Amino acid sequence: MKTGMEYKDSLRSLNTQVYAFGKLVDDLVDNPLFQPHVNSAALTYELAHDPVAEDLVTATSHLTGKKINRFTHIHQNTEDLIKKVKMLRMIAQRTGSCFQRCVGFDAINATYSVTYEMDQELGTDYHQRFVEYLKHVQENDIMVAGAMTDVKGDRGLRPSQQKDPDMYVRVVEKNDKGIIINGAKAHMTGIVNSHDMLIMPTAAMKEEDKGYALACAVPVDAPGVIHIFGRQTNDDRKYGEIDQGNATYGIVGGEALTVLENVFVPWEQVFMCGEWQFAGLLVERFASYHRQNYGGCKGGVADVIIGATATIADYNGVTQASHIRDKITEMIHLTETLFSGSLACSSEGRKTPSGACFVDPLLANTVKQNVTRFIYEISRISHDIAGGILATLPSEQDLKDEKIGKYVKKYLKGVEGVPTEDRIRILRLLENMTGGTALAESMHGAGSPQAQRVMILRQGNLEHKKQLAKDLAKVSKKG
Amino acid sequence: MKTVTVKYCGHCNPHLQGPVILEQVKGKLPHVRFISGASEEGAGVLLVISGCPVDCAARPSGFSSVIATAGYTVDGRNVSKDTLVAEISSKLQGLLEDS
Ligand SMILES: Cc1cc2nc3c(=O)[nH]c(=O)nc-3n(C[C@H](O)[C@H](O)[C@H](O)COP(=O)(O)OP(=O)(O)OC[C@H]3O[C@@H](n4cnc5c(N)ncnc54)[C@H](O)[C@@H]3O)c2cc1C
């Protein structure tokens, strides 16, 4: 298992083509724009060596029997699923931000079980190939970006109906050595500081879309791969400290638009190529595993938001007010409801034919649906308690200015005994964690709300519910 | 010197800070060596420190005696914040004398 430092060093040896603000980046690991995200991912490596955390952050490989980082593990039972959720909450409490590695974790678990079932039904040999790839991932503690979301062009059209055929990643050529692919993946969390990406289809496919039914692993620095880093609402602040709020770990994962221009993938790293019948299953598995996470990681993020909100209430001298206590109670209630959902879908997990354990998809989708609302509500309450100063604070340069700093310190003071700078630091943490990019991630990360509602209705066992009502009301069976 | 192996749960929602508790226990038992190892297997006395009463830390095999601290409980019994360290220390002392 790599340490955090070894992970950072391993990134330095890659030749990843990352563009930001119109320039090719040549110092990713040490560049303030990327550093917080690299630090956050590095913690997933470091904690595997921390005696306090290792029970959650490590697992035993079912392939080799060796101790591995849990982010490279295939869930063997419901205990693994529960430990995943607890691990995510624990790491998020420490980072207050996304640590990116869950997307690849979910991608490997989904691909593992689906390739098995695909081989059983179609006589293909993808699973064994995937197992070999997985051994490499586990042995080398590879950070895998989960690359599902295509850019999609006109959302009303299927992949094969798009005017530009590259709106979904597709196979443009096959030869005896491998395939050549084209297209782009959007919103790629942590991809610029990953080693590999695991490409999966975005949606269920029909036969006419079979060129888009594609799953494969590609190094992030493979020839033809270009990453264009996304702006965040706070990215100018990354060149300072206090105004960034969380200077060590930043906010959200650091997302990129990843362009694949005639990228060659050897057959050993191709895990679906044209089997359109299984694209939907892969999407469903990945999405459910990924939605399972959110009561863990967002639970941990919410723990930090609640802590910051309660602290600012202390600093403002309002802690004892009954409505403040009630609002903090509500924030805790919402957070623990999210956590409960993630634990529930894990406890109700089941074995797939491959032996890997899968979450309960109805409960997993329910958790993520709640996240699209509760994190907004938790943030709304935090804004209420923090006061308008959250939106109007002067900059850290003004705080530190020789001439005007004394006014900032004097007039922005709260209760006696708390330095103004501490009050400002907590407010900045809260501001950055509860607005802009951070909020949108709760809405669309792991799928927009409607994607969950489709799954909830499909899995919701509605006929059974109707029958319950009919039985009690003693309506005729035929009706 | 007698040795105790320490195992933590992962601390996803800790009611107490395991490493802080351990430091205090060490202060009471200066003649004991504590290993915070993540070993899969071991021998002798195992001290489990879970952050909350769920007590979900995995138990490595091979240990003859185990003391489980889970939040403010020791081996399933509630203890107060003030007596936790003393309770763990005296249980450990007893086990080490017997072993
Ligand atoms: C911060 C962040 C990190 C992310 N990280 C990753 C990642 O690491 N890997 C990854 O694969 N993805 C990632 N995603 C992508 C995420 O899964 C998508 O944002 C999500 O699936 C929605 O897709 P979209 O953004 O293209 O929105 P759109 O598809 O444009 O959706 C916008 C709205 O249109 C609706 N809509 C879309 N299509 C239709 C249709 N055909 N009919 C009716 N309504 C429709 C949606 O329900 C939604 O309300 C991330 C997203 C964010 C915001």
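Just so it is clear: chains get the letters A, B, ... in the order the sequence lines come, proteins before strands, and each one is counted from 1. Computed from heavy atoms alone, side chains included, the values below leave out hydrogens, waters and symmetry copies. In this text the structure is predicted, and so the values were computed from the model without any measurement.
- When atom types are taken as modelled, the side chain of A:Arg70 and the backbone of A:Leu56 share a donor-acceptor pair closer than 3.5 angstrom.
- Between A:His75 and A:Phe105, a ring centre-to-centre spacing shorter than 6.0 Å is recorded.
- Note that CG of A:Asp314 is 11.0 Å distant from OG1 of A:Thr309, once rounded to the nearest 0.5 Å.
- Considering only heavy atoms from C-beta on, A:Ser288 comes within 4.5 Å of A:Asn365 through its side chain.
- Taking the charged nitrogens against the carboxylate oxygens, A:Lys327 and A:Glu377 have no contact shorter than 4.0 Å, which rules out a salt bridge.
- For the salt bridge (Lys or Arg N to Asp or Glu O under 4.0 Å) test, no residue two or more places apart in sequence or in another chain qualifies with A:Lys2.
- Panel note: side chain A:Asn69, backbone A:Thr72; no donor-acceptor pair is recorded below 3.5 Å.
- Residue A:Tyr45 forms a side-chain contact (heavy atoms from CB on, under 4.5 Å) with just one option from A:Met143, A:Met5, A:Glu6, A:Met1, and that option is A:Met143.
- Judged by distance alone, with hydrogens and angles left aside, the side-chain atoms of A:Gln292 form a donor-acceptor pair with the main-chain N or O of A:Leu81 at under 3.5 Å.
- Heavy-atom neighbours of chain A within the stretch residues 70-95 of chain B, taken at a separation under 4.5 angstrom, are nonexistent.
- Counting heavy-atom neighbours within 6.0 Å of A:Glu336 CD, excluding the residue itself, gives a total above 12.
- Within residues 12-31 of chain B, the residues that have a heavy atom under 4.5 Å from a heavy atom of chain A are B:Cys12, B:Asn13, B:Pro14, B:Pro19, listed by number.
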Practice item. Could you give me the CA-CA distance, side-chain angles and deciding distance for A:Glu54 and B:Lys7, then say whether salt bridge (Lys or Arg N to Asp or Glu O under 4.0 Å) is met? Key: CA-CA 9 Å; A:Glu54 61 84 31; B:Lys7 173 82 180 154; 2.7 Å; yes

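- With A:Asp106 as reference, A:His290 is the one residue of A:His290, A:Arg291, A:Arg101 to meet the side-chain hydrogen bond (donor to acceptor under 3.5 Å, both in side chains) rule.
- Judged by distance alone, with hydrogens and angles left aside, the side-chain atoms of A:Lys351 form no donor-acceptor pair with the main-chain N or O of A:Phe358 at under 3.5 Å.
- Within residues 85-95 of chain A, the residues having any heavy atom under 4.5 Å from a heavy atom of chain B are, by residue number, A:Lys86, A:Arg89, A:Met90, A:Gln93.
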